[in-house]
Amino acid sequence: MTSIAIVGAGPQLGLAIARTFGSQGYDVALIARNRAKLDDLVGILTAEGISAAAFPSDVLDRDALTQALKDAATQFGGIGVLEYSPSAGLDTIGAATPAGTELAHVQHEIEFRLYGAIAATQAVLPAMREAGAGTLLFTTSTGSTKPQTPTASISTAMAALRSWAINLHKELVDTGIQAAHIGIDATIGTPTFYGQPRATADQLALLYWDLHMNHRDQSERIFRG
């Protein structure tokens, strides 16, 4: 199954990962909320000779997300790699300090980051088990390992996703399926936060390919610039 599904595909990291895998012959399924933006990405990849298709879905709509992944598997003959990295956008996330956190803040972030990842995994893992091969990659920012007080509600959910992904890796040992968490302690093409270094999306995308191809025994990779 030489195909990758990128959940949360966007014009920075998502596009770079799509290019990296696509240039190696992988079919690319792009999943995100905005159909028009996905179509733009498909157009870019297609012009570069990469097989790509858009499957619009919101990770908060578990049924729609599951269907999008099933549709992608049907079109491309299965999903060999799942990469999960949706972004809520700075204008929509419920950032809050620990003392200022309300249950609704944490619930939204857990739904968006952890529950969405679990739903996506449930959609592709059975076929991977049957094939005895597959890769599951879950992306967070540095908040999962180095939380910042102003965004405690977000980093709490990221830490939960990290813990779940690493435990999933342990469960899948000797099945031929790799699960791994990727933590990015850098900003991509934007002003830095909290003194973080900058990184290019292309630079980061190579990390995903290397982890998938050469370090399948690893459950985590932290990029610190």
Side-chain angles (χ1 to χ4, degrees), residues 1-10 13-14 16-18 20-22 24-32 52 55 57-60 62 64-87 110-141 144-145 157-184 204-223:
M1 296 185 290
T2 54
S3 59
I4 180 171
I6 302 171
V7 180
L13 182 59
I17 293 172
T20 298
F21 280 78
Q24 298 296 325
Y26 278 65
D27 296 315
V28 178
L30 302 174
I31 300 174
F55 301 89
S57 175
D58 188 334
V59 299
L60 293 174
R62 242 70 79 196
L65 176 60
T66 298
Q67 189 60 53
L69 286 163
K70 288 183 176 179
D71 291 344
T74 297
Q75 178 162 334
F76 293 131
I79 299 297
V81 181
L82 171 72
E83 193 279 320
Y84 187 87
S85 56
S87 174
I110 288 289
E111 292 271 355
F112 189 78
R113 302 180 193 281
L114 177 61
Y115 293 175
I118 292 174
T121 300
Q122 290 175 337
V124 302
L125 184 55
M128 289 182 177
R129 284 188 182 275
E130 185 175 347
T135 301
L136 304 161
L137 303 174
F138 306 96
T139 304
T140 71
S141 74
S144 60
T145 59
M158 288 183 176
L161 174 55
R162 173 179 181 257
S163 175
W164 179 79
I166 291 174
N167 276 310
L168 180 62
H169 176 91
K170 294 176 182 178
E171 182 181 357
L172 295 175
V173 167
D174 297 327
T175 66
I177 304 168
Q178 176 191 26
H181 165 253
I182 297 171
I184 300 176
L204 292 169
L206 292 175
L207 181 154
Y208 290 76
W209 178 254
D210 182 57
L211 191 59
H212 165 62
M213 291 297 296
N214 304 317
H215 300 283
R216 299 190 59 79
D217 60 326
Q218 295 185 7
S219 63
E220 182 171 58
R221 185 74 64 85
I222 305 297
F223 179 89

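In this structure a side-chain-to-backbone donor-acceptor pair under 3.5 Å is present from Q178 to Q218.
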Evaluate side chain to side chain contact (heavy atoms under 4.5 Å, CB included) for Y84 paired with V59, printing each intermediate quantity in order. CA-CA 10 Å; Y84 187 87; V59 299; 3.7 Å; yes
Report the C-alpha distance between T175 and M128 in whole Å, list the side-chain angles of each, state the deciding distance to 0.1 Å, and finish with yes or no for side chain to side chain contact (heavy atoms under 4.5 Å, CB included). CA-CA 9 Å; T175 66; M128 289 182 177; over 6 Å; no
Given T145 and R162, is the side chain to side chain contact (heavy atoms under 4.5 Å, CB included) satisfied, shown in steps? CA-CA 8 Å; T145 59; R162 173 179 181 257; 3.3 Å; yes
Test log, rule side chain to side chain contact (heavy atoms under 4.5 Å, CB included), inputs L204 and I182: CA-CA 10 Å; L204 292 169; I182 297 171; over 6 Å; no
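In this structure, the separation between CG on L125 and CD1 on I79 is 13.0 Å, given to the nearest 0.5 Å. Here the CE atom belonging to M158 is positioned 9.0 Å from the CZ atom belonging to F112, to the nearest 0.5 angstrom. T135 contributes atom OG1, which lies 9.5 Å from atom CH2 of W209 (distance to the nearest 0.5 angstrom). A distance of 7.5 Å separates CD1 in I31 from CZ in F55, rounded to the nearest 0.5 Å. Rounding to the nearest 0.5 angstrom, the gap separating the CZ atom in R221 from the CD1 atom in I184 is 12.0 Å. Rounding to the nearest 0.5 Å places CZ of R113 at 10.5 Å from OG of S85.
For the pair I6/L13, no side-chain contact is recorded, criterion being any heavy-atom separation below 4.5 Å from C-beta on.
Between I4 and E83, the shortest heavy-atom contact is CD1-CB, 4.4 Å. A9 and A32 make their closest contact through O-CB, 3.6 Å (heavy atoms, listed as atom of the first residue, atom of the second, distance). The two residues Y26 and S3 have their closest heavy-atom pair at CD2-N, 3.5 Å. Closest heavy-atom contact between I222 and H181: CD1-CE1, 4.0 Å. Here the shortest heavy-atom pairing between T20 and Q24 reads O-CG, 3.4 Å. Shown here for A133 and I177, the closest heavy-atom pair between the two residues is C-CG1, 4.0 Å.
There is a side-chain donor-acceptor pair under 3.5 Å between Y208 and T139.
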Side chains of residues 164-174: which donor-acceptor pairs under 3.5 Å do they make with residues two or more places apart or in other chains?
unit_1: N167; atom_1: ND2; unit_2: S163; atom_2: O; d: 3.1
unit_1: H169; atom_1: ND1; unit_2: A179; atom_2: O; d: 2.8
unit_1: H169; atom_1: NE2; unit_2: D217; atom_2: O; d: 3.2

Contacts table for residues 65-78: side-chain donor-acceptor under 3.5 angstrom, sequence neighbours left out:
unit_1: T66; atom_1: OG1; unit_2: R62; atom_2: O; d: 3.0
unit_1: Q67; atom_1: NE2; unit_2: D71; atom_2: OD1; d: 2.8
unit_1: T74; atom_1: OG1; unit_2: K70; atom_2: O; d: 3.0

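Aromatic ring pairs are classed by plane angle as parallel below 30°, tilted from 30° to 60° and perpendicular above 60°; the pair F21 and H212 is tilted.
Counting only residues at least two apart or in different chains, salt bridge (charged side-chain N to carboxylate O under 4.0 Å, His left out) contacts with residues 132-141 are absent.
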